[in-house]
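So that the names make sense, note that chain A is the first sequence line, chain B the second, and so on, each numbered from 1.
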Amino acid sequence: MTNGLFVPVNELSELVYDGAKLAVPKDSCGVAMEATRELVRRGVRDLHLVCVPIGGIQADILIGSGAVRTLETSGVTLGEFGGAPRFADAIREGKLAMRDATCPAVHAALQAAQKGIPFIPLRGLIGSDLMKHRSDWKVIDNPFAENDPIAVLPAIRPDVSLFHAPLADRFGNVFVGRERELMTMAHASRDTLVTVEETTDENLLDDDARAGAVLPAIYVSKIAVVKQGAWPLALGDIYPDDETTLARYAMLARTADGFRQFVEEWLSRDLVEA
Amino acid sequence: MTNGLFVPVNELSELVYDGAKLAVPKDSCGVAMEATRELVRRGVRDLHLVCVPIGGIQADILIGSGAVRTLETSGVTLGEFGGAPRFADAIREGKLAMRDATCPAVHAALQAAQKGIPFIPLRGLIGSDLMKHRSDWKVIDNPFAENDPIAVLPAIRPDVSLFHAPLADRFGNVFVGRERELMTMAHASRDTLVTVEETTDENLLDDDARAGAVLPAIYVSKIAVVKQGAWPLALGDIYPDDETTLARYAMLARTADGFRQFVEEWLSRDLVEA
Amino acid sequence: MSAFTRTELLITVISRLLRGCHHVAVGASSPIPGSGALLARSLSSGDMRVSVLGSRRNNFFTNGGVELFDLAAQGRIDAFFLGGGQIDGQGNINLVGVGGYPRGNVRWPGSFGSAYLYFLIPRVILFREEHTRRVMVPQVDFVSAPGTSDGVHRPGGPFAMVTGLGLFYFDRDRRRFRLASVHPRHTVEEIRDNTGFDFDYPAVVPETPGPDESILAKIRGPIRAEIAETYPRFAERLTQKP
Amino acid sequence: MSAFTRTELLITVISRLLRGCHHVAVGASSPIPGSGALLARSLSSGDMRVSVLGSRRNNFFTNGGVELFDLAAQGRIDAFFLGGGQIDGQGNINLVGVGGYPRGNVRWPGSFGSAYLYFLIPRVILFREEHTRRVMVPQVDFVSAPGTSDGVHRPGGPFAMVTGLGLFYFDRDRRRFRLASVHPRHTVEEIRDNTGFDFDYPAVVPETPGPDESILAKIRGPIRAEIAETYPRFAERLTQKP
């Protein structure tokens, strides 16, 4: 069953095809930066990028590389390193089909896909200009009350989810811990690609303490083992942000030339593969 | 913050007031049988019992004791010990306001309450006679498609959830492991009452392996420590079903007299409280 | 020809119906379907998953009781088993009771997940060992889940029915069962006598082929051992000679 | 009177606005609101919970990023903080950008959770240290979330606004801010000059009371130590003397 499940990271990245609806987690949740590097190296195009629920350096790099056609997110930011410069530039240049969202709407629409329901209602939203510009969101009357308009959102069913996690077992089960949105993303997506720091020979589902926070193999399409796979971002308590690199990105990416310089350096860096 | 959080099981049971909408898990998920004994001893009345998603000996005893006015469940069964005799008898006598459901509908309606949405759509259901008799379920047109009727269910917001778990910490965090519906029940309910086998002085949220499967204290109203709190039912891998007692129940409860005899014996049994 | 029990035959028949499935889920109180699924997996080329409710070793769910239903709606379950206190010729099933609702003469446990899974899982196999006019009725008293639907999103539904007497396929367009084979030692006439609804059958109905020696060895060896984790008493009975 | 920094004043003001809350949640990039919430908790009688996004010690969430939003809809969060690149006199906030949409002159990160939390959390405190006509505009260019709503389920909304110049309360019926106090070393005139919308104020506007010695000791001691887990650089700056 696990034949061909483990592949090198460049092979894994090839499964993110041009035009795919790709879901990725927020910075603190396990971003597959090494796999993203392979995407940029390959020159992936026309992605519909869904940030769950916000994007950071990964989204900014993909946007700067011209890989993103449609962007669905509640925000893109480099956090304490400031705004996301390639994102802001692409918006000014009109290069992105922008679907501005709000965090709970991204979560709810993924949960709808997870449950196999075509839409889900959500409170809030009505009266926000987001509703004006999201022609795919609607307002209906709550069928169980009088005079109670409520927003309804269509399910988000990603073609592919891509994230980085601490540990997988050899059967393809992946430990996600408290980052429960990784589970939701995988349940909601047709395919899920995971990079991990390391693997174990034990079956993670046999460990009572951890089993409740394990993504079962049935949802996992391919796994690549990549040490420091979230670098320069943090991975939980395992390693922290590489603040020097993140600050350097924030500075260089202010200009298109600086961004190209950063990406060149980044692509030429050695891969730490297990 | 944890002042008064830990109470004896009889005090905990007092918070299940007459007329409450009470949610309880299925047999294998951690049924608070000792707390149920206290409910029967006190003679709780007029419960709206929500079985998540099916009931077993707990539901049958509560029904036999006259504690249940409304029953919302996808099934009541003693499993390998046969049908639920007090349930079947109450149905024949017309003593229950019956809300027959299907398992995913109970889960989805609780998830709606967890998300604070007033209703949730669900596939299936249409054409089942369940829909005929559940006047609280409706069919609407999927607002995102043509000619696509879909069922919508109002959220189930229990007043109280009651279950038994292996372990709580002294801050009120409760380890639920893979029994994720316990988390959903607690999120969906106004109050949650938990009995546990034991407690620990460590903070369960500090344990990376387990934290993802911990119900945080903010959802937990009261905790009682009761060894063998699920007896005669199993609790995960910690102890198995007491098959002798369950078989004896199944036999005695076939008649009202036999049921009374079982309950008398049960109520007079010593409590194993920590 | 090998000697085999009816249980061994049913396990074999069910395993054949699961060929080509990637994920077979088995619900509660289903030792024969569970054994059939485990047998099918052992005969597959290694790309079949089996989830057995109540098992620990063959249950990968980590999102609580809702995960089975979410998986079905996601299209990640190919086959499942349902039964019924009553089953009618249109494939409708009744798990609720007989003689009026809500206050009937006979009340069964309830519909469980049938009103949902029957709609969403492509290959639902109806399994009911008892094949009598009490079970196989002209029309069910309560439709827990309908056999077919019009104008409703329904990727799933009945695929086959396995009873103690024979194997039927369900024709969704014609909304009727078609008898495919009669189990050894039974006849078409016996099936007709014990069925309260009309069904199709060919001029010559073949006999259901039994398990061969290698299948029997699997059932009595590794499958018995594996199902014993969830159904120990059933596994004990499996050792009884025909 | 003790000497204190503006940051210490703002922390103190925020902590006062949280009195009586059972659960205060603090979002991303919010060191001053986070410190204010931790201070409020340390002054409470022990029945206040504080969740700080990005903290480990003060973050009990175990259901992923959705839990904050689910908690809000369940009514289990009493107070939260929002900011805005623009804020107008009706309490509308804009976190998206300036000058046209989608292709504006200035693009900010995005609306984050505002278009939801602003509707559901009873005591939303708008916190924006910069108080200029660039921020405090007559009308926001993009409504990430409206200050008030008609005919929509809305248990939550703006409660107060804390800026570098003063403290305002929001009157939901009149849909206007009312200046409650002016921070030391500032004046009502300065606030009017730097605000692009009308607001109410009493004939005599009191000065915002600063922290007393015991509060200052808390801020500089245990609160600084606790916020350092999430905001180490901010905590370092907190040690700087006024």
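Contacts of residues 71-90 of chain C with chain A at a heavy-atom distance below 4.5 Å involve Leu71(C), Ala73(C), Gln74(C), Arg76(C), listed in sequence order.
Note: His187(A) leads Arg190(A), His187(A), Arg180(A) in heavy-atom pairs under 4.5 Å with chain C. Each of Ala188(A), Gly116(A), Pro118(A), Ala213(A) has some count of heavy-atom pairs under 4.5 Å with chain C, and the biggest count is that of Gly116(A). Heavy-atom pairs under 4.5 Å with chain C peak, among Ile218(A), Val214(A), Asp206(A), Asn173(A), at Ile218(A).
Across all their heavy atoms, Lys115(A) and Tyr116(C) have their closest contact at O-OH, 3.8 Å. What you find for Thr62(C) and Ala211(A) is that their closest heavy atoms are CG2-O, 3.2 Å.
To the nearest 0.5 Å, the span separating CD on Gln114(A) from CG on Asn63(C) amounts to 5.5 Å. Rounding to the nearest 0.5 Å gives a distance of 13.5 Å between CG of Leu205(A) and CZ of Arg57(C).
For His23(C), the part lying near chain A is the side chain, with the backbone staying farther off; criterion is any non-hydrogen pair under 4.5 Å. Residue Thr184(A) does not touch chain C at all, counting heavy-atom pairs closer than 4.5 Å.
Shown here is Arg69(A), whose CZ atom has no more than 12 heavy atoms of other residues, nucleotides or ligands within 6.0 Å. Counting heavy atoms of neighbouring residues, nucleotides and ligands inside a 6.0 Å radius, atom CD of Glu129(C) exceeds 12 of them. Surrounding CZ of Arg19(C) are at most 12 heavy atoms belonging to other residues, nucleotides or ligands under 6.0 Å away.
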